[in-house]
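So the structure is just underneath, and the comments pick up after that.
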There are 2 protein chains.
Amino acid sequence: MEESEILAKLPKAFTESALRQEMLTHGKFITVNKDDTLVREGQYLDFLPIVIKGEIRVFQQKEDREILLYYVREGQTCMMSLSAAYFNHTSTSYGVATKPSEIFVFPTRLVNEWQLKYSSWNAYLIQTFRSRYDELLGSFESVAFDPIDKRVLSYLTDRAKKENTPQIAISHQNLAYELGTTRVVISRILKGFEQQGKVKLFRGSIQLK
Amino acid sequence: MEESEILAKLPKAFTESALRQEMLTHGKFITVNKDDTLVREGQYLDFLPIVIKGEIRVFQQKEDREILLYYVREGQTCMMSLSAAYFNHTSTSYGVATKPSEIFVFPTRLVNEWQLKYSSWNAYLIQTFRSRYDELLGSFESVAFDPIDKRVLSYLTDRAKKENTPQIAISHQNLAYELGTTRVVISRILKGFEQQGKVKLFRGSIQLK
DNA sequence: TGCTTTATGTATCTTTTGATACCGTTTTTT
DNA sequence: AAAAAACGGTATCAAAAGATACATAAAGCA
């Protein structure tokens with residue numbers, strides 16, 4: 001791969017060319033398959049990942065249940081990995097690819113170093129933390145104050161917008177997992193929506209109307 | 001106030017003496033009364049606060065309801081102010097003193113500057129973000145998965161532990177606010193606890209047994 | 001093809017929580 | 001002292017959500 005080509009793949013957020021050059025020197029690109037685990041609980045992090053292409057699902061695993069924290073998408077890094085790396089702690093969450101993905105990785109010791117050298121790196125970190133916080137706050141409010149039917153609808157419209165299609169590929173069961181409820185409740189609500197003409201239901205997918 | 005006396009008040013997290021010296025040069029101490037508003041929504045931040053003594057309640061105000069984000073306690077700074085200051089955005093939350101407090105403040109432009117100079121400042125920032133995230137995640141899980149009676153009990157035992165006394169001074173109404181429910185529900189649950197011998201109820205306070 | 005798994009529909013019942021209303025008591029304010 | 005506000009107890013009703021059970025259909029697979 002040409003050097004200029006590599007540089008072009010790095011997120012535009014990194015404005016200093018010296019930083020981009022350092023990334024190129026110390027980092028490398030890896031590819032992972034769908035369902036590959038990048039990080040698991042209890043693991044020390046030698047490398048920090050930045051997603052170039054694809055998507056990583058970050059979650060915590062408790063005795064009985066699983067808690068979805070966020071998805072790391074193109075141009076983003078994993079906040080949990082970042083802070084674990086920074087304090088040299090083990091990871092408290094899992095990271096699994098939801099699709100074949102290309103990841104840029106570099107040694108975690110540079111996280112600290114770069115903070116003392118590059119403003120755009122600092123801004124990127126703070127932005128990462130703050131936007132994950134806001135995201136979680138949104139989920140919190142939603143769970144705390146919105147009835148489930150509203151949350152289902154929000155989930156669908158959000159995904160439709162993000163994926164730019166009214167056809168959402170997800171089973172009732174998995175939708176129940178995402179929202180922390182049960183399949184029966186989801187089926188009931190979706191059926192209601194269908195009768196109100198808000199959606200059309202298919203096996204394995206839901207079409208917004 | 002003696003210079004050494006002032007320096008002693010600054011959080012120990014700041015290890016570089018040059019940083020402590022700069023804080024002293026550019027910052028100042030202010031005192032606020034209970035119920036004084038330090039930050040309001042829509043406001044630009046010229047100064048970043050670090051709480052030396054006392055407590056600040058940080059929350060968002062929506063049409064109908066209020067969402068408690070966190071309390072800023074001794075040695076801590078306000079994460080929302082921090083990131084608002086960093087990106088030169090207006091605040092999206094309110095900060096109100098819950099008791100007479102002493103606050104150290106300094107110009108927000110230094111937030112960025114210090115990141116390029118002081119590791120301990122960077123560590124402090126990242127620690128601030130990460131611990132607020134963990135805190136919120138805990139609340140999220142609790143709201144999403146725990147029944148209210150369990151949340152009430154957790155709230156009480158947490159406070160008892162933190163304040164190192166089994167006597168929690170709070171009204172049913174305010175406890176309901178904290179947990180995002182209604183007074184009647186709280187009274188009902190507490191009465192149940194009392195009958196089970198878990199607590200003893202007083203006007204304005206609850207004693208854990 | 002037949003078997004198994006996955007996906008969905010739906011009825012019934014129970015529990016949890018919230019909404020409302022009314023009461024008496026204590027504390028604070030005027 | 002009178003009035004107002006805050007605090008807490010409790011009864012009744014309704015709604016939301018979860019639990020359980022059973023049924024049918026489609027898809028994948030041996």
Side-chain angles (χ1 to χ4, degrees), chain A residues 34-35 62 64-67 139-156 159 167-209, chain B residues 34-35 62-67 98 139-156 159 167-209:
Chain A
K34 175 168 154 58
D35 296 330
K62 306 279 166 146
D64 44 347
R65 59 174 184 268
E66 182 185 298
I67 296 143
S139 302
F140 176 81
E141 284 183 58
S142 175
V143 168
F145 302 109
D146 296 341
I148 297 198
D149 54 354
K150 186 172 169 195
R151 294 173 51 209
V152 170
L153 205 52
S154 298
Y155 178 89
L156 295 175
R159 272 199 52 176
Q167 196 79 25
I168 315 296
I170 193 169
S171 71
H172 295 188
Q173 181 61 72
N174 285 332
L175 183 45
Y177 280 141
E178 291 278 330
L179 301 183
T181 180
T182 62
R183 205 266 310 164
V184 180
V185 172
I186 296 292
S187 293
R188 187 193 291 160
I189 287 167
L190 285 176
K191 207 61 195 171
F193 285 167
E194 189 173 49
Q195 273 153 13
Q196 295 166 47
K198 291 181 180 166
V199 302
K200 194 164 175 198
L201 302 179
F202 299 88
R203 186 187 172 86
S205 80
I206 300 153
Q207 184 191 332
L208 274 170
K209 301 209 294 183
Chain B
K34 176 165 156 58
D35 296 329
K62 305 280 168 147
E63 321 79 55
D64 42 349
R65 60 173 183 269
E66 181 185 298
I67 295 144
T98 64
S139 303
F140 175 82
E141 285 183 58
S142 173
V143 168
F145 301 110
D146 297 340
I148 296 195
D149 53 354
K150 186 172 169 193
R151 294 172 53 210
V152 170
L153 204 52
S154 299
Y155 178 90
L156 294 175
R159 274 200 49 177
Q167 197 79 25
I168 315 296
I170 193 169
S171 71
H172 296 188
Q173 181 61 70
N174 285 333
L175 183 45
Y177 280 142
E178 290 278 331
L179 301 182
T181 180
T182 62
R183 204 266 312 165
V184 180
V185 172
I186 295 292
S187 294
R188 189 193 291 160
I189 287 167
L190 285 176
K191 206 64 195 168
F193 284 168
E194 189 173 48
Q195 273 152 12
Q196 295 166 48
K198 291 181 180 167
V199 302
K200 193 163 176 199
L201 302 179
F202 300 87
R203 185 185 173 86
S205 81
I206 301 153
Q207 183 191 334
L208 272 169
K209 302 209 294 183

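A, B, ... follow the sequence lines: proteins, then strands. Residue 1 opens every chain. Heavy atoms only: backbone and side chains are in, while hydrogens, waters and symmetry mates are out.
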Atom [atom1] of [X] to atom [atom2] of [N]: distance rounded to whole Å?
| X | N | atom1 | atom2 | value |
| --- | --- | --- | --- | --- |
| Asp149(B) | dG18(C) | CG | P | 12 Å |
| Ile206(A) | dG9(C) | CD1 | C1' | 14 Å |
| Phe202(A) | dA25(D) | CZ | P | 19 Å |
| Asp146(B) | dT17(C) | CG | C1' | 15 Å |
| Leu201(B) | dT10(D) | CG | C1' | 14 Å |

Residues Glu194(A), Lys191(A); criterion side chain to side chain contact (heavy atoms under 4.5 Å, CB included); working and verdict: CA-CA 5 Å; Glu194(A) 189 173 49; Lys191(A) 207 61 195 171; 2.7 Å; yes

Five-pair end axes of the helix from dT1(C)-dA30(D) to dT30(C)-dA1(D), angle between them (10°):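 Taking the rotation axis at each end, their angle is 40°.
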
Step-by-step side chain to side chain contact (heavy atoms under 4.5 Å, CB included) determination, Ile206(B) to Leu175(B): CA-CA 11 Å; Ile206(B) 301 153; Leu175(B) 183 45; 4.1 Å; yes

Residue pair Tyr155(A), Arg151(A): steps toward the side-chain hydrogen bond (donor to acceptor under 3.5 Å, both in side chains) verdict: CA-CA 6 Å; Tyr155(A) 178 89; Arg151(A) 294 173 51 209; over 6 Å; no

Closest non-hydrogen atom pair between Ser205(A) and Gln167(A), with its separation: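 Ser205(A) and Gln167(A) have their closest heavy atoms at OG-NE2, 2.9 Å.
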
DNA chain D-proximal residues of residues 168-193 of chain A, any heavy atom under 4.0 Å: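 Within residues 168-193 of chain A, the residues near DNA chain D are Thr181(A), Thr182(A), Val184(A), Val185(A), Arg188(A).
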
Side-chain heavy atoms of Ile170(A) within contact of Glu178(A), under 4.5 Å: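 Yes. Closest side-chain heavy atoms under 4.5 Å.
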
Worked check of side chain to side chain contact (heavy atoms under 4.5 Å, CB included) between Ile67(A) and Glu141(B): CA-CA 8 Å; Ile67(A) 296 143; Glu141(B) 285 183 58; 3.2 Å; yes

Residues Val199(A), Lys209(A); criterion side chain to side chain contact (heavy atoms under 4.5 Å, CB included); working and verdict: CA-CA 5 Å; Val199(A) 302; Lys209(A) 301 209 294 183; 5.6 Å; no

Check: dT26(C) base within 3.5 Å donor-acceptor of Arg203(B) side chain: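 By the distance-only test, yes, there is a pair.
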
Distance in Å, Leu208(A) CG paired with Arg159(A) CZ, rounded so as to fall on 0.5 Å steps: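 Here the interatomic distance stands at 10.5 Å.
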
